[in-house]
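The residues of the chain are indexed from 1 along the displayed sequence.
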Amino acid sequence: MKTSYITRRETFNAAHKLCREDWSDEKNMEVYGKCSNKNWHGHNFTIFVTVKGIPNPENGLIIHLTDLSNVIKEKVIEPLDHKNLNLDVDFLNGVLPSIENLIIEIWKQIEEPILDLGGKLVKIKLVETNNNFVEYFGGFEPY
Ligand code: NI
């Protein structure tokens with residue numbers, strides 16, 4: 001098979017806090033550490049969106065990267081960039097915005113539009129800091 005995997009990278013920044021209102025400050029601090037800081041903190045996020053496909057014999061492309069970029073910008077970057085993830089984002093309503101939860105919600109936003117472009121979303125990687133990132137495969141477990 002000639003299946004290959006192509007990845008588009010985009011960036012955004014956003015604020016959040018990891019904190020459950022029904023827990024005490026002490027418990028939030030114990031579970032989330034500095035990320036429970038009541039007065040918010042921000043990150044420069046980098047997202048990698050990987051699409052699988054077979055190169056089109058005519059043009060050699062799996063997907064037009066400009067189209068893929070436009071989907072990510074419209075569905076992810078626009079709603080999240082310079083926003084407060086706890087307060088400002090419709091698709092995060094009621095979701096505690098850890099990167100683990102965030103990546104699942106992002107997947108739901110872009111899976112179908114990418115299908116409409118003829119691509120199959122297979123992986124998202126979301127980088128929060130130099131040391132922390134999360135990967136999601138749409139519920140599929142490769143490991
Ligand atoms: Ni954080």
Side-chain angles (χ1 to χ4, degrees), residues 1-23 27-143:
M1 285 293 271
K2 293 176 178 166
T3 304
S4 51
Y5 301 80
I6 191 158
T7 299
R8 175 72 191 183
R9 171 186 176 277
E10 303 283 349
T11 59
F12 62 97
N13 61 67
H16 73 168
K17 67 177 170 186
L18 300 182
C19 162
R20 287 186 54 147
E21 299 297 334
D22 56 330
W23 288 354
K27 174 132 189 206
N28 276 309
M29 180 53 97
E30 184 190 317
V31 174
Y32 299 122
K34 285 194 299 187
C35 283
S36 71
N37 174 33
K38 269 188 157 35
N39 290 328
W40 317 102
H41 64 279
H43 297 283
N44 294 316
F45 291 95
T46 304
I47 185 170
F48 297 84
V49 173
T50 301
V51 171
K52 166 175 115 166
I54 297 170
N56 178 312
E58 196 178 305
N59 62 22
L61 306 178
I62 293 171
I63 193 168
H64 288 282
L65 283 176
T66 313
D67 295 343
L68 178 59
S69 172
N70 286 340
V71 164
I72 302 167
K73 281 181 180 141
E74 182 193 335
K75 301 290 181 183
V76 181
I77 308 303
E78 281 291 321
L80 301 185
D81 191 34
H82 287 69
K83 297 289 168 39
N84 181 317
L85 301 180
N86 296 72
L87 301 176
D88 296 334
V89 184
D90 285 345
F91 72 77
L92 295 177
N93 225 327
V95 176
L96 184 129
S98 63
I99 48 173
E100 294 92 326
N101 284 338
L102 181 55
I103 199 170
I104 293 171
E105 299 307 318
I106 289 174
W107 183 285
K108 292 181 197 165
Q109 299 304 306
I110 62 174
E111 184 180 23
E112 288 234 352
I114 290 173
L115 261 185
D116 292 341
L117 296 176
K120 169 123 182 73
L121 176 63
V122 292
K123 174 180 169 179
I124 302 176
K125 175 176 169 181
L126 182 63
V127 180
E128 186 179 53
T129 70
N130 282 342
N131 298 323
N132 297 338
F133 68 87
V134 64
E135 294 171 298
Y136 185 61
F137 304 86
F140 174 69
E141 299 174 32
Y143 310 115

Identify all side-chain donor-acceptor contacts of residues 82-89 below 3.5 Å with residues at least two apart in sequence or on another chain.
unit_1 : atom_1 : unit_2 : atom_2 : d
K83    : NZ     : E78    : O      : 3.3
N84    : OD1    : N86    : N      : 2.8
N84    : OD1    : L87    : N      : 3.3
N86    : OD1    : K17    : N      : 2.9
N86    : ND2    : K17    : O      : 2.9
D88    : OD2    : N84    : N      : 2.7

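- Judged as a side chain to side chain donor-acceptor pair (under 3.5 Å), the pairs with a partner in residues 50-65 (not counting sequence neighbours) are, in order, T7-T50.
- Nearest heavy atom pair, residue F12 against residue V76, reads CE2-CG1, 4.5 Å.
- Residues in residues 31-42 take part in these salt bridge (Lys or Arg N to Asp or Glu O under 4.0 Å) pairs, two or more places apart or across chains: D25-K38.
- Here the CZ-OG distance, from R9 to S69, works out to 11.5 Å after rounding to the nearest 0.5 Å.
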Steps toward side-chain contact (heavy atoms from CB on, under 4.5 Å) verdict (S36, V31): CA-CA 8 Å; S36 71; V31 174; over 6 Å; no
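- A distance of 10.5 Å separates NE2 in H43 from CG in L102, rounded to the nearest 0.5 Å.
- For the side-chain contact (heavy atoms from CB on, under 4.5 Å) test, residues two or more places apart in sequence or in another chain that qualify with V134 are I99, E100, I103, L126.
- Residues C19 and L96 approach most closely at O-CD1, 3.9 Å, considering heavy atoms.
- For the side-chain hydrogen bond (donor to acceptor under 3.5 Å, both in side chains) test, no residue two or more places apart in sequence or in another chain qualifies with K125.
- Taking the side-chain contact (heavy atoms from CB on, under 4.5 Å) definition, one finds that P142 meets it with F137, F140, sequence neighbours left out.
- Side-chain contact between D90 and P79: absent, with no pair of heavy atoms (C-beta onward) separated by less than 4.5 Å.
- A distance of 10.0 Å separates CG of L61 from CD1 of I63, quoted to the nearest 0.5 Å.
- Among pairs with a residue in residues 126-143, those fulfilling salt bridge (Lys or Arg N to Asp or Glu O under 4.0 Å) read K123-E135, at least two apart in sequence or across chains.
- Formation of a donor-acceptor pair under 3.5 Å by the H41 side chain with backbone atoms of H16 is found in this model.
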Q) Given V49 and I114, is the side-chain contact (heavy atoms from CB on, under 4.5 Å) satisfied, shown in steps? A) CA-CA 10 Å; V49 173; I114 290 173; 4.0 Å; yes
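- Results of the side chain to side chain contact (heavy atoms under 4.5 Å, CB included) test with I106 over N101, L92, L80 single out L80 as the only residue that passes.
- Legend: residues meeting salt bridge (Lys or Arg N to Asp or Glu O under 4.0 Å) with K73, ordered by chain and number and at least two apart, are absent.
- Taking the salt bridge (Lys or Arg N to Asp or Glu O under 4.0 Å) definition, one finds that R20 meets it with D22, sequence neighbours left out.
- Residues that satisfy the side-chain contact (heavy atoms from CB on, under 4.5 Å) test with L115, not counting sequence neighbours, are absent from this structure.
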Might you work through the side-chain contact (heavy atoms from CB on, under 4.5 Å) test for V51 and L117, ending with a clear yes or no? CA-CA 11 Å; V51 171; L117 296 176; over 6 Å; no
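- Between Y136 and W107, the ring planes are perpendicular. Angles over 60° get that label, and only those under 30° would be called parallel.
- Not counting sequence neighbours, the partners of N44 by the side-chain contact (heavy atoms from CB on, under 4.5 Å) test are N13.
- Residues satisfying the side-chain hydrogen bond (donor to acceptor under 3.5 Å, both in side chains) test with E30, not counting sequence neighbours, are none.
- Within the model, atoms CD of E10 and CD1 of I47 stand 8.5 Å from one another, a figure rounded to the nearest 0.5 Å.
- Side-chain atoms of V127 and F48, non-hydrogen and from C-beta on, do get closer than 4.5 Å to each other.
- Heavy atoms only, all atoms of each residue included: K2 and P55 are closest at O-CD, 3.3 Å.
- The heavy-atom pair separating I62 from G53 by the smallest distance is CG2-CA, 3.6 Å.
- The minimum heavy-atom distance between Y32 and L18, with the atom names listed, is CD1-O, 3.2 Å.
- Here the CZ atom belonging to R8 is positioned 6.5 Å from the CG atom belonging to L65, to the nearest 0.5 angstrom.
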